[in-house]
Amino acid sequence: MFVPHELIIQILLRLPVKSLIRFKSVCKLWFSLISHDPHFANSHFQLNSATHTRRILLVSFSTHESLSIDFEASLDDDNASFLSNYLWNPSTGLHKQIPLSPFGSNLDAEYFYGFGYDDSTDDYLVVSMSRIGSGDPPLRLEYFSLKSNTWKQVEGPYFPYGFQENEPKGGFLYKGAIHWVAYRYDIRSYVILAFDLMERKLSYMPLYCYGSPSDSGFWINGEFLSVYTWNYGNDTLEIWAMKEYKVNSSWTMTLVLPIDLFFPLCCTKSDDIIGKDGEDGLVKCDKSGQRLEQHSYPNYYLRCNLTMYIDSLLSLPGGDGDNQQA
């Protein structure tokens with residue numbers, strides 16, 4: 001039976017990445033299309049990002065091992081692999097090693113970092129911000145451009161910021177900016193720092209929460225930037241949404257959960273909430289705080305970085321020949 005090439009492409013575009021990786025061995029044409037065609041990869045991502053499930057990625061601070069979880073199905077781990085000092089696509093296994101910064105922030109124990117895409121320049125940026133003491137400026141802010149393959153330092157001036165914890169802290173990507181929580185010494189208040197990936201500038205906005213930011217975190221509640229925080233006065237977890245971005249007066253409490261030691265990460269399509277518990281696993285609960293499912297992981301995931309991603313075939317700038325390996 002003859003199937004037109006255009007129809008084959010439309011069928012393949014609607015398949016999950018795991019299947020496409022297997023189908024690369026069907027023929028040379030499919031291998032070239034799936035492995036090397038950037039238009040196909042981008043079309044696949046655009047078509048599937050709105051319908052396919054996002055996945056949770058757990059990366060252990062101590063062992064650098066990772067688990068990929070389809071939380072719509074269950075909280076059981078689906079895939080395990082090893083992650084070293086690379087930029088990495090967990091869907092395809094392709095990774096790219098980047099050079100150390102010439103400015104020295106890689107050696108600092110206390111720093112913020114983040115990764116995002118600037119669609120105005122079709123470039124991916126790795127952002128690093130470290131504290132360098134009480135001098136002027138008190139922060140070192142820099143980014144690595146994958147398109148130009150270079151590190152660049154962002155000039156100040158900066159306000160005197162402090163860090164939440166004495167360990168690396170990943171940023172939260174929202175509206176084309178990477179966000180962190182930090183303490184601003186001159187106004188004696190915790191704030192949200194935002195690095196705009198297009199303008200390459202750092203700004204801040206007030207943080208509304210009752211408790212310590214070490215017990216708080218970001219997440220997306222619907223379309224709004226939200227913060228969860230513990231209210232120790234009544235032992236509840238509160239979720240606040242910024243209904244108008246960068247407008248402090250728009251903070252609104254949207255949900256209160258009577259649940260202990262729960263750090264929310266995302267919502268399922270049925271509006272259940274997935275989060276990390278105080279031990280070594282993930283919990284699924286409904287919006288009344290009732291636990292629906294719980295799954296534990298090895299002890300080295302107790303201190304881990306959690307993030308969300310969508311399966312994709314997208315590769316990093318530079319192509320397979322530019323230090324990208326499977």
Side-chain angles (χ1 to χ4, degrees), residues 56-66 82-90 95-118 123-133 137-156 158-159 161-184 190-204 207 213-214 216-220 225 227 263 265 276 301 303-309 316-317 323:
I56 299 175
L57 186 69
L58 293 82
V59 181
S60 167
F61 284 134
S62 58
T63 67
H64 301 292
E65 290 184 79
S66 64
F82 186 80
L83 175 66
S84 186
N85 295 322
Y86 300 96
L87 295 180
W88 175 55
N89 183 337
H95 53 268
K96 177 184 177 74
Q97 188 170 12
I98 63 175
L100 293 176
S101 164
F103 308 112
S105 66
N106 304 80
L107 304 178
D108 293 307
E110 296 184 1
Y111 69 94
F112 290 163
Y113 65 92
F115 177 71
Y117 176 69
D118 176 10
D123 195 7
Y124 292 89
L125 302 182
V126 178
V127 181
S128 174
M129 181 168 59
S130 57
R131 185 169 64 184
I132 55 177
L139 295 179
R140 180 189 290 116
L141 176 60
E142 60 193 293
Y143 63 87
F144 179 81
S145 164
L146 270 73
K147 198 169 187 178
S148 64
N149 202 45
T150 58
W151 283 95
K152 296 182 180 180
Q153 193 164 11
V154 180
E155 300 297 329
Y158 302 127
F159 297 101
Y161 293 112
F163 294 78
Q164 293 176 244
E165 303 167 353
N166 186 22
E167 64 180 28
K169 185 69 173 178
F172 187 84
L173 184 63
Y174 175 72
K175 282 191 177 295
I178 303 173
H179 300 76
W180 305 270
V181 173
Y183 187 79
R184 183 168 163 177
Y190 284 98
V191 297
I192 296 175
L193 297 179
F195 180 78
D196 190 290
L197 293 168
M198 183 173 66
E199 297 182 356
R200 316 286 165 91
K201 291 181 179 179
L202 185 70
S203 62
Y204 80 96
L207 172 67
S214 62
S216 305
F218 296 110
W219 79 323
I220 297 296
L225 178 68
V227 173
F263 305 91
L265 178 64
K276 186 180 178 184
Y301 287 108
R303 293 180 64 252
C304 68
N305 188 16
L306 292 90
T307 190
M308 304 287 299
Y309 76 97
L316 299 170
N323 295 327

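Starting from 1, each residue takes its place in the sequence as its number.
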Roughly how far apart are [X] [atom1] and [Y] [atom2], rounded to 0.5 Å?
{"X": "F218", "Y": "L225", "atom1": "CZ", "atom2": "CG", "result": "6.0 Å"}
{"X": "L197", "Y": "I178", "atom1": "CG", "atom2": "CD1", "result": "4.5 Å"}
{"X": "Y117", "Y": "L173", "atom1": "OH", "atom2": "CG", "result": "12.5 Å"}
{"X": "F195", "Y": "F112", "atom1": "CZ", "atom2": "CZ", "result": "14.5 Å"}
{"X": "D196", "Y": "K201", "atom1": "CG", "atom2": "NZ", "result": "9.0 Å"}

Give me the atom names and distance for the closest heavy-atom approach of [X] to [Y].
{"X": "Q153", "Y": "R140", "result": "NE2-CG, 3.3 Å"}
{"X": "L141", "Y": "L202", "result": "CD2-CB, 3.9 Å"}
{"X": "Y113", "Y": "W180", "result": "O-NE1, 3.1 Å"}
{"X": "W151", "Y": "I98", "result": "CZ2-CD1, 4.3 Å"}

Does any part of the side chain of [Y], heavy atoms only, come nearer than 4.5 Å to the side chain of [X], both counted from C-beta?
{"X": "V181", "Y": "Y190", "result": "yes"}
{"X": "L125", "Y": "L146", "result": "no"}
{"X": "Y309", "Y": "P90", "result": "yes"}

Without swapping roles, check the side chain of H179 against the backbone of L193 for a donor-acceptor pair under 3.5 Å. no
Between D123 (side chain) and K147 (backbone), is there a donor-acceptor pair under 3.5 Å? yes
Decide yes or no on side chain to side chain donor-acceptor pair (under 3.5 Å) for Y204 and R184, but give the supporting numbers first. CA-CA 10 Å; Y204 80 96; R184 183 168 163 177; 2.8 Å; yes
Residues two or more places apart in sequence or in another chain: which of them pass side-chain hydrogen bond (donor to acceptor under 3.5 Å, both in side chains) with S148? S145, T150
All side-chain hydrogen bond (donor to acceptor under 3.5 Å, both in side chains) counterparts of Y174, not counting sequence neighbours: none
Pick from S130, S101, S128: which one makes a side-chain hydrogen bond (donor to acceptor under 3.5 Å, both in side chains) with E142? S101
